[in-house]
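Worksheet: the structure to be examined is printed underneath.
As the structure is a prediction and not an experimental result, all values here were calculated from the model.
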Amino acid sequence: QVQLVESGGGLVQAGGSLRLSCAASGRTDSTYVMGWFRQAPGKERAFVAHVTWRRGNTNYADSVKGRFTISRDNAKNTVQLQMNSLKYEDTAVYYCAQGSNSGGWYALSLPEAYDYWGQGTQVTVSS
């Protein structure tokens, strides 16, 4: 079992920044990838970014490239999502997720690649 706890969400004006953090505990030794997804009201859960745990390879959704940065701290078992130049359409509940199986960049952008999920943290961007 892996437990994930997100923090750092909140209300911010368009153009502002937020930094999300996710703390992992439990059986984290099997982690291959950590990802961030988001879900806006009435929409499906969507990929935001992922980072492979050992090599630190990253991938981003086109909608956040150049604005968001994912990073991890292996020693602390945490993963962060730095979000800059926030837009109204970034408003959503953001979820941290952990996966144990390897895969290509596309496979790791799918929710099915992840085994454990956090409870989510709300990000609201005012226009």
Atom of A24, atom of L4 and distance for their closest heavy-atom approach:
CB-CD2, 3.6 Å

What about Y114 and V51, same hydrophobic cluster or not, with Ile/Leu/Val/Met/Phe/Trp/Tyr joined at side-chain heavy-atom distances under 4.5 Å?
no

With sequence neighbours left out, what residues match S126 under side chain to side chain contact (heavy atoms under 4.5 Å, CB included)?
L11, Q13

Could you list the residues that satisfy side chain to side chain donor-acceptor pair (under 3.5 Å) with S85, not counting sequence neighbours?
none

Check against side-chain contact (heavy atoms from CB on, under 4.5 Å), K87 and V125
CA-CA 6 Å; K87 304 177 182 179; V125 184; 5.6 Å; no

Going by the rule side chain to side chain donor-acceptor pair (under 3.5 Å), which residues pair with Y95 if we only count those two or more places apart in sequence or in a different chain?
none

Restricting to salt bridge (charged side-chain N to carboxylate O under 4.0 Å, His left out), what partner residues turn up for K76, sequence neighbours left out?
none

Quick check: is W117 connected to L108 through a chain of hydrophobic side chains (ILVMFWY, heavy atoms under 4.5 Å apart)?
yes

Does S30 have any side chain to side chain contact (heavy atoms under 4.5 Å, CB included) partners at least two apart in sequence or in another chain, and if so, which?
Q98, S100

Are T121 and L20 side-chain neighbours, meaning at least one heavy-atom pair lies under 4.5 Å?
yes

Could you state the interatomic distance from NE2 (H50) to CG (L110), rounded to the nearest 0.5 Å?
10.5 Å

Please list, one pair per line, the donor and acceptor atoms closer than 3.5 Å that link side chains of residues 32-46 to other protein atoms, with sequence neighbours excluded.
{"unit_1": "R38", "atom_1": "NH1", "unit_2": "D90", "atom_2": "OD1", "d": "2.9"}
{"unit_1": "R38", "atom_1": "NH1", "unit_2": "Y94", "atom_2": "OH", "d": "2.9"}
{"unit_1": "R38", "atom_1": "NH2", "unit_2": "S63", "atom_2": "OG", "d": "3.4"}
{"unit_1": "Q39", "atom_1": "NE2", "unit_2": "K43", "atom_2": "O", "d": "3.1"}

Where do A49 and L81 come nearest, in terms of heavy atoms and distance?
CB-CD1, 4.3 Å

Residues two or more places apart in sequence or in another chain: which of them pass side chain to side chain donor-acceptor pair (under 3.5 Å) with N84?
S17, Q82

Does any part of the side chain of V12, heavy atoms only, come nearer than 4.5 Å to the side chain of T124, both counted from C-beta?
no

Of the non-hydrogen atoms in T58 and Y60, which two are nearest, and what is the gap between them?
OG1-CE1, 3.8 Å

Contacts satisfying salt bridge (Lys or Arg N to Asp or Glu O under 4.0 Å) that involve residues 12-35 (not counting sequence neighbours) are none

For residues 3-122, pull every pair meeting disulfide bond (SG atoms under 2.5 Å apart), keeping only residues two or more places apart or in separate chains.
C22-C96

Quick one: list whatever passes side chain to side chain donor-acceptor pair (under 3.5 Å) with T91, sequence neighbours left out.
none

Residues T31 and T28: closest non-hydrogen pair is OG1-O, 2.9 Å

Heavy-atom pair of closest approach, residues A14 and S127
CB-CA, 4.4 Å

What residues form a side chain to side chain contact (heavy atoms under 4.5 Å, CB included) with S109, not counting sequence neighbours?
F47, Y106

Name all residues meeting the side chain to side chain contact (heavy atoms under 4.5 Å, CB included) criterion together with R55; count only those two or more places apart in sequence or in a different chain, and write none if there are none.
T52, N57

Quick one: does E6's side chain have a donor or acceptor within less than 3.5 Å of a partner on G120's backbone?
yes

